[in-house]
Peer 1: 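Here it is, the structure in full.
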Amino acid sequence: MELENFPGLPPFPGNMLVMDLDRLSLAKLLDHDDEECRRFYLACEKIGFFYLDMRSQKDGQSILSYADKLFRVSEQLFSLKVEEKGKYDFSEKNSFFGYKPLGSYVIDSRGNTDREEFYDVSRDDLLGHAHALPQPEVVNEELEVFKSFASSTHSVIVTPLLDLLNEHLQLPPSTLANLHRIDRPSGDMVRLTRCPPQPVEDKAARLGEHTDFGSITVLFNRLGGLQVLVPGTDAQWKWIKPIPGHCIVNLGDTLVKFTNGLLRSNIHRVVASPGEQAECIRYSLGYFSRPDHNAVLKRLDSPAIPALPAGIVEEDFTTRDWLVRRALSRRVNLRNGVSSSALDYAKHSGTEKISRRVKA
Ligand SMILES: O=C(O)CCC(=O)C(=O)O
Ligand SMILES: [Fe+2]
């Protein structure tokens, strides 16, 4: 029987409303197994989330071991003093990398703020393609692990999945991969997060409902807390149970834009961990892939991609504009005292309406 719990952590309770996501095998997808590919395409269109079983593929196993190491780095990194971590908050320089303190992000139209800290490391910095931002010593000491995690996740998971989607979408060869080249400047990043336990009587969302801004997110969770909103008007929140040896993959807004809504970037959020897990500090780790900064986020031309409604002209948004709008506009420190109103919160939203299949 496969291991369903993470050693040393309380189990995910058995009586929760969980999302029964597909468990796809990385090895089979890399082998272009017909049935696995069919399930992959359906998952990308119907829910935009699935588990990827990494255990039977050599590079997948390496990524799992880099992820283990980065969970340990997270513990050290977030245990630094707030003032020390604050030195790496670069939001006022219009950078979306570096440290994001607890509660510095507006997560809903009422102006509530988040309950988790992030540390985002730029892939371009790691690979030496950009003038690297300063990093705390604990990150500098493990740069090789960050680098291996970022480059393997990009080459073993992100690019092959984009190539499969490319084929499914009947696009000219490598169209999607060429929009996500590792040697072009992009907002790709490794994100470490930490959520402190929350008082039982106060379980507001830790990270509000959102869609991911980019293309493919590869997420490593050990404790519950992540939930997805099932599509439709009478949607329900369902838990995503972390499974050892698997990462959780989800699609983001740019793939919705490239495919005019054919692929789904599903709404999700992070809440207090369930049952006994609520007592633990929750760490999570993700690789967020995005198209290169200059890519224009518009429908790609293919007979397999739904046409735009007559008369609709898409805005000319580059990935960079999109990331600045989505990642920085809700930062409390950049709002110059302007409070959050439903109107301006909505202005900075992503593809949520499309994701719910609800008419605007
Ligand atoms: O921590 C998680 O499980 C998910 C985090 C997330 O959705 C995000 O950082 O975009
Ligand atoms: Fe997310």
Side-chain angles (χ1 to χ4, degrees), residues 6 9 12 16 18-19 21 47-52 67 70-71 74-75 77-78 96-108 113-123 153 187-198 204-229 237-244 246-256 264-274 277-278 280-290 322-323 326-331 348-352 355:
F6 290 83
L9 292 174
F12 188 91
M16 311 298 291
V18 292
M19 185 76 213
L21 296 178
I47 180 78
F49 267 83
F50 55 90
Y51 295 108
L52 196 57
L70 292 180
F71 271 88
S74 272
E75 291 181 24
L77 171 71
F78 290 114
F96 20 75
F97 303 120
Y99 180 62
K100 186 204 74 65
L102 202 65
S104 61
Y105 201 55
V106 180
I107 61 165
D108 62 28
T113 50
D114 71 84
R115 287 148 182 243
E116 65 176 42
E117 28 182 356
F118 300 157
Y119 193 85
D120 293 338
V121 187
S122 150
R123 181 207 68 194
T153 304
D188 275 30
M189 64 184 198
V190 178
R191 167 170 289 175
L192 311 177
T193 75
R194 176 189 187 275
C195 308
Q198 275 171 243
R206 286 164 153 175
L207 183 62
E209 60 179 79
H210 67 282
T211 55
D212 284 355
F213 318 149
S215 303
I216 292 183
T217 303
V218 180
L219 197 60
F220 294 81
N221 278 351
R222 294 177 167 183
L223 290 174
L226 177 64
Q227 295 183 322
V228 281
L229 188 64
W237 286 102
K238 290 194 177 177
W239 297 87
I240 296 194
K241 179 186 163 171
I243 307 177
H246 295 63
C247 58
I248 299 158
V249 176
N250 68 285
L251 307 189
D253 294 345
T254 64
L255 292 176
V256 175
R264 183 186 302 271
S265 164
N266 208 86
I267 297 175
H268 54 286
R269 67 178 183 185
V270 180
V271 297
S273 303
Q277 296 193 339
C280 305
I281 298 175
R282 179 180 188 273
Y283 294 94
S284 77
L285 165 71
Y287 183 83
F288 290 72
S289 70
R290 283 114 186 226
W322 181 253
L323 292 181
R326 298 231 47 217
L328 295 173
S329 57
R330 291 175 180 173
R331 281 292 287 261
H348 302 127
S349 60
T351 60
E352 291 88 342
S355 168

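Read the numbers this way: they start at 1 and go in the same order the structure lists the ligands and their atoms.
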Peer 1: Quick one: which ligand 1 atoms are inside 4.0 Å of a heavy atom on N221?
Peer 2: 2 (C), 3 (O)

Peer 1: When I248 is tested against each of F220, F50, F49 for side chain to side chain contact (heavy atoms under 4.5 Å, CB included), which residue passes?
Peer 2: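 Looking at F220, F50, F49, the match for I248 under the side chain to side chain contact (heavy atoms under 4.5 Å, CB included) is F49.
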
Peer 1: Answer side chain, backbone, both or neither: which part of D212 comes under 4.0 Å from ligand 1, heavy atoms only.
Peer 2: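 Looking at D212 and ligand 1, just side chain atoms fall under 4.0 Å.
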
Peer 1: Does H210 have a heavy atom less than 4.0 Å from any atom of ligand 1?
Peer 2: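 Yes; H210 lies near enough to ligand 1 that a heavy-atom distance drops under 4.0 Å.
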
Peer 1: If we count only N and O atoms by modelled type, under 3.5 Å, do the side chains of D188 and S289 hold a donor and an acceptor together?
Peer 2: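 Judged by distance alone, the side chains do not pair up.
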
Peer 1: For ligand 1, which atoms have a heavy atom of S284 less than 4.0 angstrom away?
Peer 2: 1 (O), 2 (C)

Peer 1: Any atoms of ligand 1 less than 4.0 Å from a non-hydrogen atom of H268? List them with their elements.
Peer 2: 7 (O)

Peer 1: Nearest 0.5 Å, please: how far is CG in L192 from CG in L285?
Peer 2: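 With rounding to 0.5 Å, CG (L285) is 6.0 Å from CG (L192).
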
Peer 1: May I ask you to decide if the ring planes of F78 and Y283 are parallel, tilted or perpendicular, using 30° and 60° as cut-offs?
Peer 2: tilted

Peer 1: May I ask you to identify the nearest protein heavy atom to atom 3 (O) of ligand 1, giving residue, atom name and distance to one decimal place in Å?
Peer 2: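 Looking at atom 3 (O) of ligand 1, the protein heavy atom closest to it is R282 NH2, 2.8 Å.
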
Peer 1: Would you say ligand 1 has an N or O under 3.5 Å from any N or O of E116?
Peer 2: no

Peer 1: Assess the side chains of H210 and D212: does a donor N or O sit below 3.5 Å from an acceptor N or O?
Peer 2: yes

Peer 1: What atom name does the N, O or S atom of D212 nearest to the Fe ion (ligand 2) carry?
Peer 2: OD1

Peer 1: Just to be sure I read this right, does ligand 1 sit under 4.0 Å from the backbone of I248, its side chain, both, or neither, counting only heavy atoms?
Peer 2: neither

Peer 1: Heavy-atom contacts with F288 under 4.0 Å: which atoms of ligand 1 show up? List them by number with element.
Peer 2: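 Counting from 1, the qualifying ligand atoms are 8 (C), 9 (O), 10 (O).
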
Peer 1: Do R290 side-chain atoms and G187 backbone N/O form a donor-acceptor pair below 3.5 Å?
Peer 2: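 Judged by distance alone, yes, a pair lies under 3.5 Å.
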
Peer 1: Starting from atom 9 (O) of ligand 1, which protein heavy atom do you reach first, and at what distance in Å?
Peer 2: R191 NH1, 3.0 Å

Peer 1: Does a side-chain N-to-carboxylate-O contact under 4.0 Å join D120 and R191?
Peer 2: yes

Peer 1: Measure the distance from atom 6 (C) of ligand 1 to every protein heavy atom, then report the residue, atom name and distance (to 0.1 Å) of the closest one.
Peer 2: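 The closest heavy atom on the protein side is L207 CD2, 3.6 Å.
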
Peer 1: Ignoring hydrogens and geometry beyond distance, is a side-chain donor-acceptor pair present between T193 and S284 at under 3.5 Å?
Peer 2: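 Yes, a side-chain donor-acceptor pair sits under 3.5 Å.
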
